[in-house]
Structure formats: structure tokens, C-alpha cells
Amino acid sequence: MKKLFSFVMGAAVIGTALAPSANAWWWGKKGSEKASITVYTALEDDQIPNYLKSFERDYPNIEVNIVRDSTGIVTAKLLAEAENPQADVVWGLAASSLLVANDRGLIQGYAPKGLSKVKPSFRDPAKKPSWVGIDSWISAFCVNKIEAQKNGLSIPKSWADLTKPEYKGHIVMSNPASSGTGYLSVASRLQNLPSEEDGWNYLDALHENIAQYMHSGSKPCKAAGKGEYPIGVSFGYRAVKQVNMGQPIEAVFPKEGSGWDVEANALIKKDKIKPAAKTFLDWAISPEVSREYAKSFAITAVETDVPLPKGFPSNPEKQLAKNDLQWAAVNRERILAEWAKRYDGKSAPK
């Protein structure tokens with residue numbers, strides 16, 4: 001596949017850190033003499049068990065403490081814990097967030113086994129990369145066809161369509177301060193209109209139609225699936241999964257192109273780095289787990305023989321909008337501050 005992305009390490013500052021997550025659980029069998037690692041992730045709850053099956057089978061003596069939360073919260077936790085890092089590994093966090101963490105000196109470069117099979121556009125080019133990607137996730141709309149018909153709404157096909165007066169109060173969207181999906185959607189609009197000012201004008205118009213900004217990348221699609229709102233601005237995996245589950249959802253990939261980011265892994269810099277943490281990162285780009293990633297995502301870092309997941313565009317590379325991850329990382333704090341000033345009044349309670 002042709003090279004799709006060009007990543008350059010960037011600097012950024014993130015805002016106030018959020019409280020530690022309570023959403024943690026243990027994977028692996030209890031037993032004596034087990035190594036133990038803590039893994040921070042923003043992967044979806046329903047993906048993690050399937051992904052980890054091969055690790056549990058091949059490394060039964062490594063206990064994995066998964067701490068899962070949305071991208072913004074995981075990023076904030078990493079920064080808040082800079083002086084006393086709790087995580088050993090980051091697995092499946094936005095590459096744009098790892099750019100921020102690396103600039104703060106929180107990441108230890110590591111070249112996992114099998115790195116040569118990772119597409120160059122899915123990794124930091126350093127000999128010992130600060131981050132290595134596993135897949136790319138892209139924005140999409142989840143439209144409940146029953147609710148749309150009930151409310152006399154046409155199916156939106158583009159970002160521009162979402163600003164039409166007919167959709168007022170009928171759209172929910174991921175909050176970019178807490179959700180990587182929300183941030184990639186906002187960053188995409190700011191980068192893909194003639195000027196950033198035009199991007200903010202678009203977001204102003206979209207805001208008029210928003211009912212609520214939700215603190216999860218998947219929640220807007222889940223809300224649409226339940227019929228709570230007709231339209232959820234979410235991401236492709238969640239949209240096609242709900243369609244394939246038989247929900248009355250149409251997955252819409254906007255005609256102007258989808259915002260995107262890379263789910264990526266990194267080794268956290270600590271006084272004592274556990275060998276088990278490196279073992280986990282080796283496994284996390286292995287062919288076997290890469291095939292599992294490919295069942296959910298149309299674009300993966302390691303080529304597999306898995307067919308394109310049902311419901312994605314037939315040429316997913318062409319669906320990707322222009323995106324500069326360095327720009328998104330460097331400007332993150334500024335963008336989120338401006339976004340909050342303009343739109344936070346419609347954010348869901350935390």
C-alpha cells in the first residue's frame with residue numbers, strides 16, 4: 001500500500017490532568033511467581049478480550065493490569081503521573097497523544113520484535129521508536145434510519161450536511177477534550193477547510209445542531225443505536241459493528257473525507273523497566289494479534305490476509321482526509337481551550 005501518512009515528532013502541552021480511572025481489571029490467571037505489568041489503553045472494551053486471548057495463551061506467567069479509559073483521560077493521566085509513572089506500557093492510544101507524551105520525556109524508545117513488518121508511516125522513524133502504530137481509526141456518522149424517518153430527516157452524507165437546520169437538536173458528538181474520536185473530528189475540520197477561521201465557523205454552525213457532546217468516542221453511536229438521538233458523530237469501527245449487529249443504523253463515511261488518527265503503543269520511561277513490558281510490546285505488533293486488529297479496522301500497521309471488514313469503504317485509503325499529526329499535537333491545548341470556550345455548555349456531565 002502506498003505511503004499514506006507522514007509523521008513528524010511534535011511538541012505540545014496538554015491541559016489540566018483528570019482523575020485516575022476506576023475502569024481497571026486484571027487479565028490472566030492468578031498464580032505465584034508471575035510478572036505483572038500495568039497497561040494503559042484507549043481501545044474499546046469489547047475489543048480488548050479478543051485481542052488478549054493469544055497473549056494469555058502464550059504468556060500465562062505475565063499478569064496484565066489493564067487500565068482503560070478514553071483518549072483524553074489516558075493522556076492526562078500519563079502527564080499527571082510524570083514524576084511517578086504508574087503505567088509500564090501504553091497500548092492503542094492516539095499517536096497524536098503519544099507525540100505529546102514523548103515531548104514531555106515520558107517515553108522510552110524501544111524497537112519491538114517484528115518492527116520491520118510495520119509500515120513506515122505507522123511508526124516513529126527513530127531506530128528505537130518512541131511509538132509504533134497498530135491501526136488507523138476514522139470518523140463516521142451513525143444514523144438511526146427509523147428515528148431519522150420518524151423525525152422527517154434525510155440521511156446526511158457529508159460534514160456540510162450536518163449543519164442543515166433540519167438536524168437541530170438531533171446530533172450527538174464525541175467531546176474532543178475527553179475523546180480521541182472527538183478530537184480527530186475537530187482537528188480534521190480545522191485542517192480541511194480553506195482556513196482555520198473557516199473551520200471554526202463550520203464548528204459554530206455544527207454546534208447549533210448539537211444536542212450533546214459525549215465523553216466517549218463510541219457513545220454517540222451507541223446512543224443512535226438505542227434511538228436516543230437520530231445521529232451520532234463517532235468512528236468507523238463502532239458504526240459498522242452496530243450495522244452488522246442488526247441495529248437500524250446506516251454507517252456514513254462523509255464525502256469530504258474522514259478525520260483519522262493512529263492507535264499506537266509505547267514503552268513508558270521508568271527507573272526500572274520490566275522485561276515483561278517489552279514482551280507485551282513485541283506481542284502487540286505480532287501477526288496473530290494484527291489479524292485481530294484487521295477484523296475491526298480497514299487499515300492496519302502490519303499487512304494481514306484478513307478481508308476488509310464488512311461496511312467500510314472499498315478503498316479506505318481514499319476516505320482519509322488531510323491530517324498532520326504534528327500540527328494536531330502541537331496545537332492540541334490551544335484548540336481544546338478555544339473549543340471549550342465556545343461549546344462546552346453542551347458537554348455531558350462528567
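Being a predicted model, the structure only gives us computed values, none of them experimental.
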Provide the closest heavy-atom pair for [X] versus [Y] in the form atom of the first, atom of the second, distance.
X: K113; Y: I285; result: O-CD1, 3.5 Å
X: W137; Y: G180; result: CZ2-C, 3.8 Å
X: M214; Y: A348; result: CA-CB, 4.4 Å
X: G133; Y: A301; result: O-CB, 3.2 Å
X: S234; Y: G217; result: OG-O, 2.7 Å
X: A284; Y: I134; result: O-CG2, 3.6 Å

I need the [X] [atom1] to [Y] [atom2] distance, nearest 0.5 Å.
X: E208; Y: T163; atom1: CD; atom2: OG1; value: 10.5 Å
X: S36; Y: N61; atom1: OG; atom2: CG; value: 12.0 Å
X: S97; Y: W131; atom1: OG; atom2: CH2; value: 12.0 Å
X: M173; Y: N209; atom1: CE; atom2: CG; value: 12.5 Å
X: T38; Y: E63; atom1: OG1; atom2: CD; value: 9.5 Å
X: K157; Y: K255; atom1: NZ; atom2: NZ; value: 10.5 Å

Out of curiosity, does [Y] fall in the hydrophobic cluster containing [X] (side-chain heavy atoms, cut-off under 4.5 Å, transitive links)?
X: I155; Y: L206; result: yes
X: V172; Y: Y183; result: no
X: L153; Y: I146; result: no
X: V243; Y: V143; result: no

Taking [X] for its side chain and [Y] for its backbone only, find out whether a donor-acceptor pair lies under 3.5 Å.
X: R104; Y: I107; result: no
X: Q242; Y: C221; result: yes
X: W260; Y: A321; result: yes
X: N265; Y: G92; result: yes
X: S188; Y: S185; result: no
X: K346; Y: I210; result: yes
X: K322; Y: Q191; result: yes
X: N244; Y: G311; result: no

**Request:** Give me the one residue out of D261, T75, T71 that meets side-chain hydrogen bond (donor to acceptor under 3.5 Å, both in side chains) with S96.
**Result:** D261

**Asked** Would Y293 and F297 count as a ring-ring contact (aromatic ring centres under 6.0 Å, His included) if you check the C-alpha gap in whole Å, the side-chain angles of each, and the deciding distance to 0.1 Å?
**Response** CA-CA 6 Å; Y293 303 148; F297 296 99; 8.0 Å; no

**Request:** Decide if atom NZ of K226 counts as having more than 12 heavy atoms of other residues, nucleotides or ligands within a radius under 6.0 Å.
**Result:** no

**Prompt:** Is the CD atom of E166 crowded by more than 12 outside heavy atoms at less than 6.0 Å?
**Reply:** yes

Do NZ/NE/NH1/NH2 and the carboxylate oxygens of [X] and [Y] come within less than 4.0 Å?
X: K117; Y: E303; value: no
X: R238; Y: D46; value: yes
X: E56; Y: K53; value: no

**Message:** Please determine whether side chain to side chain donor-acceptor pair (under 3.5 Å) holds for the pair Y343 and D204, giving the CA-CA distance in whole Å, both sets of side-chain angles, and the decisive distance to 0.1 Å.
**Reply:** CA-CA 8 Å; Y343 315 126; D204 286 345; 2.7 Å; yes

[X] side chain near [Y] side chain, heavy-atom distance below 4.5 Å:
X: E147; Y: H170; result: no
X: I249; Y: N144; result: yes
X: I138; Y: P316; result: no
X: F122; Y: V262; result: yes
X: L106; Y: K269; result: no
X: Y40; Y: P85; result: no
X: V306; Y: E292; result: no
X: Y229; Y: I171; result: no

**Message:** Is there a side chain to side chain contact (heavy atoms under 4.5 Å, CB included) between E263 and L43? Walk through the geometry before answering.
**Reply:** CA-CA 8 Å; E263 291 187 317; L43 296 170; 3.5 Å; yes

**Message:** Pair V74, T41 - check side chain to side chain contact (heavy atoms under 4.5 Å, CB included), show working.
**Reply:** CA-CA 7 Å; V74 173; T41 184; over 6 Å; no

**Request:** Let me see the working for L93 and L78 under side chain to side chain contact (heavy atoms under 4.5 Å, CB included), right down to the final yes or no.
**Result:** CA-CA 11 Å; L93 187 67; L78 288 171; 3.9 Å; yes

**Request:** Begin with the C-alpha distance, continue with both residues' side-chain angles, and end with the deciding distance and a verdict on ring-ring contact (aromatic ring centres under 6.0 Å, His included) for F141 and W159.
**Result:** CA-CA 9 Å; F141 313 153; W159 292 106; 5.1 Å; yes

**Request:** Indicate the ring-plane relationship of F280 and W91, choosing parallel, tilted or perpendicular according to the 30° and 60° boundaries.
**Result:** perpendicular

**Request:** Say whether D282 and Y110, considering side chains only, have a donor N or O and an acceptor N or O under 3.5 Å apart.
**Result:** yes

**Asked** Side-chain donor-acceptor pair under 3.5 Å between D198 and S195, yes or no?
**Response** yes

**Request:** Output, in order, the C-alpha distance, side-chain angles, deciding distance and verdict of side chain to side chain donor-acceptor pair (under 3.5 Å) for T181 and S174.
**Result:** CA-CA 6 Å; T181 300; S174 304; 5.2 Å; no

**Request:** Quick one: do V64 and V89 satisfy side chain to side chain contact (heavy atoms under 4.5 Å, CB included)? Show the steps, please.
**Result:** CA-CA 10 Å; V64 182; V89 169; over 6 Å; no

**Message:** Using ring-ring contact (aromatic ring centres under 6.0 Å, His included), reason through F253 and F312 one step at a time and then give a plain yes or no.
**Reply:** CA-CA 8 Å; F253 294 87; F312 276 94; 5.7 Å; yes

